[in-house]
Amino acid sequence: MKEDEHTVVLERFPARLVDAAPVPSTEDDDYTVSAEFYDLLQARQDEQRVRRLYGRDVADARLGVLDIGAGTGRVTLMSLAESGVRVHAVEPARAMRAPLMTRLAMLPAELRGRVTVHPSTLRQAGLRSVADVAVCHNTVAAVPPAARSELWPSVARALVPGGSLILQLPPSRLPSRDVVKVYPEQRVGGHLYGGRLVMSAEGNRIRTRFDYWVRDPRRVLREHTETFWMWPATRARMAADLARHGFVPLPGRRDPAVLAVALRSP
């Protein structure tokens, strides 16, 4: 299937990066289904994309890297490998955090010592001036428009003046028809793990449903479904929203998948 702007990698969505109400982050989890399948079906392709989209910026970091919505750790691990600075990984979802922590446990102590995992929303983490590069991958599309405006001040507080934010853009419009992406099945022993992503318009939102299955050569053993929502926004609208919070566009960026901005100096 040819990818268009609606099938760009919005395949793993953030938990509550913006607080709607005080919720114990250790108990509230939106990824109990997807966490089992994500690394097996999607993460290898996502790892290549992460390096292409953000590798140059991360390598230029001189103070720290902030990974907003770290998930199972693709941006976090790439940041540790490509830079020598401290990394802050913000991930409220326990199910996604578990594989991230497993990966970090396997790293040499000197690498593991440079990363701090924040099991909370970005606002709850209370980070101030800890990074000069922030990455927001597979995240913004699933944050409602009103909540996005609450997220940007937390990002600004975590960055130093002049620091950059590179975010993966949401789809710019609702899909005119259902968009289906099927993930190639992966074998684990005698079982095959598979899945598909179905995106469809519903009101002003995009319903994003993940169907997963596990089968052997004779029958389907398990089936699971998990649904998330996305809110489309154009590049111009995202840039205007960020401008209200002190961010200005960075020149020389042509990749249509991302928006790169910098925090204005006082």
Side-chain angles (χ1 to χ4, degrees), residues 3-14 17-18 45-61 64-71 74-76 78-79 82-83 88-90 122-123 127 131-175 199 204-206 208 228-265:
E3 289 194 350
D4 61 21
E5 65 178 319
H6 296 295
T7 60
V8 185
V9 100
L10 298 168
E11 298 162 358
R12 179 263 153 191
F13 298 99
L17 290 170
V18 179
Q45 181 183 6
D46 204 24
E47 182 177 6
Q48 298 171 350
R49 184 181 293 107
V50 158
R51 192 171 298 276
R52 175 176 61 84
L53 293 178
Y54 316 112
R56 184 182 67 177
D57 297 278
V58 164
D60 289 340
V65 175
L66 173 64
D67 183 4
I68 306 167
R74 293 300 167 183
V75 171
T76 296
M78 186 270 290
S79 299
E82 297 297 323
S83 76
H88 291 267
V90 177
L122 183 57
R123 184 180 68 81
L127 300 175
D132 55 341
V133 175
V135 176
C136 207
H137 178 67
N138 272 359
T139 298
V140 175
V143 178
R148 288 172 188 163
S149 292
E150 299 177 20
L151 175 61
W152 307 139
S154 295
V155 179
R157 285 190 292 270
L159 285 172
V160 294
S164 59
L165 165 64
I166 306 94
L167 58 91
Q168 185 179 21
L169 287 164
S172 64
R173 65 182 187 273
L174 296 168
M199 301 171 66
N204 66 338
R205 302 182 297 176
I206 301 172
T208 309
F228 302 94
W229 297 93
M230 293 193 297
W231 286 262
T234 63
R235 172 184 291 270
R237 182 172 180 177
M238 293 295 299
D241 190 18
L242 283 157
R244 287 192 289 271
H245 298 277
F247 291 93
V248 296
L250 283 171
R253 304 304 179 96
R254 299 180 180 179
D255 196 311
V258 300
L259 175 64
V261 294
L263 182 64
R264 284 196 301 262
S265 299

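Side chain of S83 to backbone of V65: no donor-acceptor contact under 3.5 angstrom is found. Side chain of D132 to main chain of G64: a donor-acceptor pair is present (N/O by atom type, distance under 3.5 Å, no hydrogens or angles). Counting only distance, with no hydrogens or angles, the side chain of E82 and the backbone of A59 share no donor-acceptor pair below 3.5 Å. The backbone N or O of E47 sits nowhere less than 3.5 Å from a side-chain atom of R74 that would complete a donor-acceptor pair.
With sequence neighbours excluded, the residues forming a side-chain hydrogen bond (donor to acceptor under 3.5 Å, both in side chains) with R253 are D57, listed by chain and number. Scored by the side-chain hydrogen bond (donor to acceptor under 3.5 Å, both in side chains) test, R235 finds no partners at all (sequence neighbours excluded). Remark: F247 engages no residue in a ring-ring contact (aromatic ring centres under 6.0 Å, His included) (not counting sequence neighbours).
Of all heavy-atom pairs spanning V258 and Y54, the tightest one is CG1-CE2, 4.1 Å.
Residue R52 qualifies as enclosed at atom CZ: its count of foreign heavy atoms under 6.0 Å is above 12.
Among the candidates D67, L122, T76, the single residue satisfying the side chain to side chain contact (heavy atoms under 4.5 Å, CB included) test with V90 is L122. Across D241, V143, L242, a single residue satisfies side chain to side chain contact (heavy atoms under 4.5 Å, CB included) together with S149, and that is D241.
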For this session: Walk me through it: do T139 and L167 pass the test side-chain contact (heavy atoms from CB on, under 4.5 Å)?
Result: CA-CA 8 Å; T139 298; L167 58 91; over 6 Å; no
For this session: List the steps and the verdict of side-chain contact (heavy atoms from CB on, under 4.5 Å) for L53 and I166.
Result: CA-CA 9 Å; L53 293 178; I166 306 94; over 6 Å; no
